[in-house]
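Scroll down for the structure; my scribbles are underneath it.
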Amino acid sequence: MTHSREGCAKAEISFTVNGELKTAHAYPMERLLDVLRQQLQLTGTKEGCGEGECGSCSVLMDGILVNSCLVPVLQAQGSTIVTIEGLATGETLHVLQEAFLDCGGAQCGICTPGMILASAHLLNGKPEPTIEEIREGLSGNLCRCTGYSQIIEAVAEAARRRTIA
Amino acid sequence: MNSDRIVGNSVPRKEGRDKVTGRSQYVDDMVLPNMLFGATVRSQIPRGRIKKITFGPGVSWDEFVIVSAEDIPGKNCISLIEDDQPCLASEFVNHPEEPILLLAHPNRYLLSKAVEAVSVEYDPLPAIFTIEESERRAEIIWGEDNIFKTYLIEKGDVDGVWEKAAYIVEGEYTTGAQEQLYIENNGMIATFDGTQGITVWGSLQCPYYVHNALMALCNLPAEKVRVVQKETGGAFGGKEEYPSMIAAHAALLAIKSGKPVKIIYDRMEDMAATTKRHPSRTRQRTAVSRDGKILGGEIEFTIDGGAYATLSSVVLSRGAIHAGGPYHWPSVRIRAKAVATNAPPHGAFRGFGAPQSLFAMERHMDRIAQTVGLSPVEIRRRNFLQLGQTTTTEQVVREPISLGKLLDRALDASDYHSKKQRFANHNESDTTRKGMGIAAFLHGAGFTGSGERYLSSVVGVEGCADGSVRVLVSSTEFGQGTNTVLSQIAAEALSLPYENVSMVQPDTQQVPNSGPTVASRTVMVVGKLVQSAALGIKQTLISSNLLSESYTAEEFRAACQHYVSEHGQFRSWSRYEAPDGIFWDDQKYRGEAYAAFAWAVYIAEVTVDLTTYGVSVDDFVALQEVGRVLHPLLARGQIIGGVAQGIGFSLYEKVVWQNGRMQNGQMTNYIMPTSADLPPIRVFFEELGNIYGVYGAKGIGELPMDGPAPAIVNAVEDALGIHFDSVPLLPEDIMDGLVSQFSDGGVGSRGGTR
């Protein structure tokens, strides 16, 4: 019940998602996004445009920020993936999630999972980014509600809290 | 001393934790057993008669559920104001993307191929695509004259004013369509069974609009239609009316198949087929005295409604009432008109007609300033509405608002005067040009005129068996903060901790009709009803001797528990009543148009690059008076977000049309601002307190959409000395302007008087 791609059989594809090894049966060219959402019920990853423009489907794959709508699931074989469901530790929120709440970084919430993962990726590479670096670092993730200011403030705040923690 | 502990504070967003953890359930996250997926076959032409429909080869059609207009149990229309828009076209199509057939299948990936395999043959009819073509009436495509609605607002003796004028200033201004571009596309799930009727879950703003539409379409009584709002990923007006169409489609497929049906639009379908901001044209002709005072004028405001009436009459009304801006017009005549074209119907988008007519007014003020030889600051200062004066509908300004003070504060915050001086030097030599632009404006909160009386909204507050409190409204959360602020209001009214109040999910079987979530009305109008319903709970407990006048949260909890155990369900209802002294004449369009106006002065600073013709907004000051700010963090978020959409409307977002069809329905080629494109948007509030709204609050949501376009285009004119009277203003438009200026006398020759 997935992409019927003629001449193509379903494959067994294994990868680690949020610390757990998962195996999916999927056509190789199925979108990672759909496998995450439909087979693994990880619906926190959102589809906004389906063509890699909006960044709502962002996940971390081997530490790299990817648009999961553009990744054929075959490419995820053997990789380590982090989705929004994998950021909090039990009921303890990730520092970015806390900061998004405190600074008003989430309004309608649909871009939020992707935006938080893009922010996590940014902070992994640049623990103390300047405001300009945050603007640049998040420019692949579209948000229609916030005008970005409170998202940018949230990322700066998360960076600050991490350095004093 | 205990008052206002909760309102005025930035308490945590009610559903925030679910949003940052990815737990929130949007409609596409919901799966039902045996669910089918639905898709829509749409018109490929702008206008014509359907001749023949063929189901092509290569598709196992017997696996598909197919619905046509013949399958509609009730009336084939999407019931709203006029019942003119079919749910499915049966004989004629009137715009590209008009729905004709519906398909459903268990495998969502087979649907697009099936939609492509359906071919529809048409007898094409001539179509019209612009306001001007519609006005020429060579083709009549709607009613007798292509006109959905007209309004006439008249104040004073306009005809006698021209001979007294020292200057007569004329201008024509246009604005383009704009896509709401919520990041969550539209979607619905429907189920049907004979006993329960229809249930739909979806991404939507107005549960009872969908409810009404489904009752008429399916010929079902109210209790057999249930509409539930799922978490909604942005709306901005774009999920006000069109969700009724999608719900109708999902419901028809569910009725025919007997299975749950999910319809989720992809981005291209959402952009091409659903509503956008109405394109507009405004003509201003103004009589001005020697010293720059407006004596009177004529304003002609026209919007393109697309192929069906939908909400155009209401958008037109708001645009017409706002067309005179925050100025005193001793006399004015405003003629407003919504016309039909063969494009998909245009609809609600934040601001709802006001951003269009206010763009014209605020561009025109700069033109008047130049004609008279005054600065943009001074021309506004001399014409601002004052306490006791009347608006264009002769509504008396009763608030002690001082627009002059707002202007001063905004000038100060933007460092306007010293920047103007510096930019004059800069512009002599550099390959960039810098400018500053001002927009002063107002936005009425709540439904226009008698609208709130007709809506007659109802709100409930429930004291629960566990002693907590729940708010029952059909007002929806889609990012703007409805859940949070209404909970704050209930908690405040009951002197309870914010955490003790929760919101009931909007579900027409659970919540009363508190009206649509539109028109900046939720906090001011619905919030006031929440307050009064909450006070009803308190009064009942006090008069039942379960509670004294002052109490702790624990005492309230015990009293509430006791009451429920004795009497069962404990709910208090509040229905809207028009405040005293409110007068509105629907015939003459005169009187109290809105219970309250918010007021604002925005200032934009831009740089125009003479090599790329790109405009960047370098700084943006947004100063407004919105009454009491109930939640500073959310309020600031609303303003910044609205300004960002306004910057998109001004400089980026152009819908490219061809024969009534959007050609750039992708995020790749319809460009909204990214985090790298926006300036710091600096937000300032004046808090005067409002005589009407709950805890002094007025509406806030739409206001910030009104100011950016005129402020930015005024700034571009300040930078280049060239008039631009249209948005969006793209680099190619700047290039055209510079080229024609060059042929008229060279780059850098500055127009106007400063």
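Numbers restart at 1 for each chain; the letters A, B, ... are given by sequence-line order, proteins then strands.
- If you measure heavy-atom distances from B:E15 to chain A, the contacts under 4.5 Å come from the side chain alone.
- At a 4.5 Å heavy-atom cutoff, the contact between A:Q97 and chain B is made by backbone and side-chain atoms alike.
- The salt bridge (charged side-chain N to carboxylate O under 4.0 Å, His left out) check on B:K262 picks up B:D28, with sequence neighbours excluded.
- Looking at A:S56, only its side chain comes within 4.5 Å of chain B, counting heavy atoms on both sides.
- The side-chain hydrogen bond (donor to acceptor under 3.5 Å, both in side chains) test applied to A:T43 returns no partner, not counting sequence neighbours.
- Looking at B:R267, its side chain never comes within 3.5 Å of a backbone N or O of A:G50 through a donor-acceptor pair.
- Here the side chain of B:E184 pairs no donor or acceptor atom with the backbone of A:K46 at under 3.5 angstrom.
- Both the backbone and the side chain of B:Q666 come within less than 4.5 Å of a heavy atom of chain A.
- Here the side chain of A:S139 pairs no donor or acceptor atom with the backbone of B:S675 at under 3.5 angstrom.
- The interface of residues 112-122 of chain A with chain B, defined by heavy-atom distances below 4.5 Å, comprises A:T112, A:P113, A:I116.
- For chain A, the nearby part of B:R23 is the side chain; its heavy atoms alone come within less than 4.5 Å.
- Both the backbone and the side chain of B:T21 come within less than 4.5 Å of a heavy atom of chain A.
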Listing, residues 57-65 of chain A side-chain donor-acceptor contacts under 3.5 Å, not counting sequence neighbours, or none:
{"from": "A:S58", "atom 1": "OG", "to": "A:G55", "atom 2": "O", "distance (Å)": "2.5"}
{"from": "A:S58", "atom 1": "OG", "to": "A:N141", "atom 2": "ND2", "distance (Å)": "3.3"}
{"from": "A:D62", "atom 1": "OD1", "to": "A:T80", "atom 2": "N", "distance (Å)": "2.8"}

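- For the atom pair CG (B:D29) and CD (A:Q38), the distance works out to 11.0 Å, reported to the nearest 0.5 Å.
- For the pair A:Q107/B:R13, a side-chain contact is recorded, criterion being any heavy-atom separation below 4.5 Å from C-beta on.
- In this structure, chain A has a heavy atom under 4.5 Å from the backbone of B:T232, while its side chain stays farther away.
- Both the backbone and the side chain of B:R636 come within contact range of chain A, with heavy atoms under 4.5 Å apart.
- Looking at heavy atoms from C-beta onward, B:F236 lies in side-chain contact with A:C145 at the 4.5 angstrom threshold.
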